[in-house]
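Remarks on the structure that follows.
Atom set for the values below is all heavy atoms of this structure, side chains included, hydrogens, waters and symmetry mates excluded.
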Amino acid sequence: MAELRFAHAINRALAECMEEDPSVFVFGEDVAEAGGPFGVTRGLHARFGEDRIRDTPISESSMANAAVGAALSGLKPVLEIMFMDFMTFAMDALVNQAAKARYMFGGQASVPMVVRTPHGGGISAGPQHSQCLEAWFAHVPGLKVVCPSNPADAYGLMKAAIHDPDPVVFVENKALYAMKGELADDAGAIPIGKARLVRAGKDVTIVTYGATVAKTERAAATLAEQGLDVEVLDLRSIQPWDEAAVLESLSRTHRLLIVHEAVEAFGVGAEIAARMADIGFDELDAPIMRVAAPFVPVPFAPSLERQYQPGEEHIIAAVHKLCA
């Protein structure tokens, strides 16, 4: 059992997949000698050389289209888009090409590519470098979207994403890169689409993912001191998401709260709420609630950003309201 940081867990998964499979390669802006803007690919250039760890010009559209072409030709590209906000430039390649290829070719071709991209606030990067846009990609048939909350899941989901025959958007919250956690010596891939039960409880189910998992755990500990027993589910995978695990948890607690850092309107939480209101209606003892960011651009000022981001106090208040 080793302890390592979130960023190092992704690095280890990339290195192991590259050792196992010569068709895997990594490219993006400053990913080679610089190791990427957050140091995730540090050391890989020296280890695997410039043919497999490639720096690119500042052109997300060109990079994404190159990744689609490489994947269709038999390679397994792992593309880094420096900030999720810049995925706007890669939309045509991902949404109109990568996501549609298997369907358009009648299952005769697939696009085994991974797009790594950081999202989220907490570092005062402003409204054009802090957005959580995962709901966009979860809306597109043919794309898979994952968002790990800890180093072990970052490692396991990265391996699963590289092994997957279809395109995967791998979302990494910037606030988690320094997080430390244990990784088993025999750790392997984690199936995409399987949630993790973080904490068992009987009063309320909280469904969350990414950086808000740790906030939810802390809120649950506080709520336990106040006499409320909260169950916490980490989705891990947003598309596909573990509908069965959420319904099973709801059948035990009969109350549902969904927490995410992305804006509340038209978000991942809205889809989960709508689906559970449909198939889990008879299990509900209270209306489904969401805790998420307000419908405004991410503030730059640290004081405003702290107010903008969903915090433990918001989760605690929502649970009390659900249980009132």
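- Across every non-hydrogen atom of S23 and G74, the tightest pair is CB-O, 4.0 Å.
- Figure legend: cation-pi geometry between R54 and F25 absent, as NZ or CZ is not positioned both under 6.0 Å from the six-membered ring centre and within 45° of its axis.
- In summary, the side chains of Q131 and D85 do present a donor paired with an acceptor at a separation below 3.5 Å, with no hydrogens or angles considered.
- Follow the hydrophobic side-chain contacts under 4.5 Å out from V259 and you never reach L235; the two are in separate clusters.
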- Message: Checking E271 against R275 for the salt bridge (Lys or Arg N to Asp or Glu O under 4.0 Å) test, could you report, in this order, the C-alpha distance in whole Å, the side-chain angles of both residues, the deciding distance, and whether it holds?
- Response: CA-CA 6 Å; E271 170 61 23; R275 187 63 180 148; over 6 Å; no
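- Side-chain contact check for E80 versus T117: every heavy-atom pair is 4.5 Å or farther apart.
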- Query: Should Q309 and E261 be marked as a side chain to side chain contact (heavy atoms under 4.5 Å, CB included) after you check the CA-CA gap, both sets of side-chain angles, and the distance that decides it?
  - Reply: CA-CA 6 Å; Q309 289 188 303; E261 187 176 331; 2.9 Å; yes
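- Evaluation of the ring pair (Phe, Tyr, Trp, His ring centres under 6.0 Å) rule for Y308 yields no partner, not counting sequence neighbours.
- The local environment of NZ in K100 is crowded, with over 12 non-hydrogen atoms from other residues, nucleotides or ligands closer than 6.0 Å.
- A distance-only check finds a donor-acceptor pair linking the side chain of E305 to the backbone of G122 [under 3.5 Å].
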- Check step by step if side chain to side chain contact (heavy atoms under 4.5 Å, CB included) holds for V204 and L228. CA-CA 8 Å; V204 179; L228 291 171; over 6 Å; no
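- The structure places CZ of R102 at 4.0 Å from CG of D166, a figure rounded to the nearest 0.5 Å.
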- Checking side chain to side chain contact (heavy atoms under 4.5 Å, CB included) for the pair Y209/V171: CA distance, chi angles, key distance, verdict? CA-CA 11 Å; Y209 61 88; V171 185; over 6 Å; no
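- Surrounding CD of E50 are at most 12 heavy atoms belonging to other residues, nucleotides or ligands under 6.0 Å away.
- In this structure a side-chain-to-backbone donor-acceptor pair under 3.5 Å is present from D55 to A32.
- Looking only at side-chain heavy atoms (C-beta outward), M87 and W136 stay at 4.5 Å or farther from each other.
- To the nearest 0.5 Å, the span separating OG on S237 from CG on D242 amounts to 8.5 Å.
- In this structure the side chain of D234 reaches within 4.5 angstrom of the side chain of N150, judged on heavy atoms.
- Of all heavy-atom pairs between H163 and A189, the closest is ND1-CB, 4.4 Å.
- Between the D92 side chain and the S61 main chain, no donor and acceptor come within less than 3.5 Å of each other.
- Side-chain contact between C17 and K76 is absent, with no heavy atoms from C-beta onward closer than 4.5 Å.
- By the 6.0 Å contact criterion, CG on L304 is enclosed, its count of non-hydrogen atoms from other residues, nucleotides or ligands being greater than 12.
- In this structure, CE on M158 lies 12.5 Å from CG on D153, to the nearest 0.5 angstrom.
- Looking at E283 and H254, their side chains come closer than 4.5 Å, going by heavy atoms from C-beta outward.
- No donor-acceptor pair closer than 3.5 Å links the side chain of D30 to the backbone N or O of G36.
- Checked against ring pair (Phe, Tyr, Trp, His ring centres under 6.0 Å), H129 has the following partners two or more places apart in sequence or in another chain: F83, F86.
- Considering I315, V198, V213 in turn, V213 is the only one that fulfils the side-chain contact (heavy atoms from CB on, under 4.5 Å) rule with T208.
- Side-chain contact between V24 and R52 is present, with at least one heavy-atom pair separated by less than 4.5 Å.
- The only option from R236, M179, R196 that meets the side-chain contact (heavy atoms from CB on, under 4.5 Å) definition with S149 turns out to be R196.
- Closest of all the heavy-atom pairs between G280 and L247 is CA-CD1, 3.7 Å.
- Across all non-hydrogen atoms, the minimal contact from M82 to F38 is O-CE1, 4.2 Å.
- Hydrophobic clustering places F170 together with V145 (ILVMFWY residues linked when any side-chain heavy atoms are closer than 4.5 Å, directly or through intermediates).
- When every heavy atom of R255 is checked against every heavy atom of A286, the shortest pair comes out as CG-CB, 4.1 Å.
- With contacts defined as side-chain heavy-atom distances shorter than 4.5 Å, the pair E29/E60 qualifies.
- The side-chain heavy atoms of M63 and F27, taken from C-beta on, include a pair separated by under 4.5 Å.
- Residues satisfying the salt bridge (Lys or Arg N to Asp or Glu O under 4.0 Å) criterion with R306, sequence neighbours excluded, are absent altogether.
- Considering OG1 of T253 and CG of L322, their distance stands at 9.5 Å, rounded to 0.5 Å.
- Within the structure, every pair that satisfies the salt bridge (charged side-chain N to carboxylate O under 4.0 Å, His left out) test and touches residues 202-225, not counting sequence neighbours, is listed here: R218-E312.
- Here the CG-CZ distance, from L72 to F105, works out to 6.0 Å after rounding to the nearest 0.5 Å.
- Residues satisfying the side chain to side chain donor-acceptor pair (under 3.5 Å) test with D229, not counting sequence neighbours, are none.
- Shown here is E33, whose CD atom has no more than 12 heavy atoms of other residues, nucleotides or ligands within 6.0 Å.
- For R290, there are no side chain to side chain donor-acceptor pair (under 3.5 Å) partners, not counting sequence neighbours.
- Cluster membership for I81 and M113, using ILVMFWY side-chain heavy atoms within less than 4.5 angstrom, is shared.
- H260 and P310 make their closest contact through O-CG, 3.4 Å (heavy atoms, listed as atom of the first residue, atom of the second, distance).
- Within 6.0 Å of the NE2 atom in H320, the count of heavy atoms belonging to other residues, nucleotides or ligands exceeds 12.
- Taking CG of N65 as the start and CD of Q97 as the end, the distance is 7.0 Å to the nearest 0.5 Å.
- Between the side chains of S249 and E231, at least one donor N or O sits under 3.5 Å from an acceptor N or O.
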- Task: Mind running side chain to side chain contact (heavy atoms under 4.5 Å, CB included) on C132 and M84 for me, showing each step along the way?
- Result: CA-CA 7 Å; C132 295; M84 194 173 204; 5.6 Å; no
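- With hydrophobic clusters built from ILVMFWY side chains whose heavy atoms lie under 4.5 angstrom apart, L157 shares a cluster with L176.
- Transitive grouping of hydrophobic side chains (ILVMFWY, heavy atoms separated by less than 4.5 Å) brings I279 and L256 into a common cluster.
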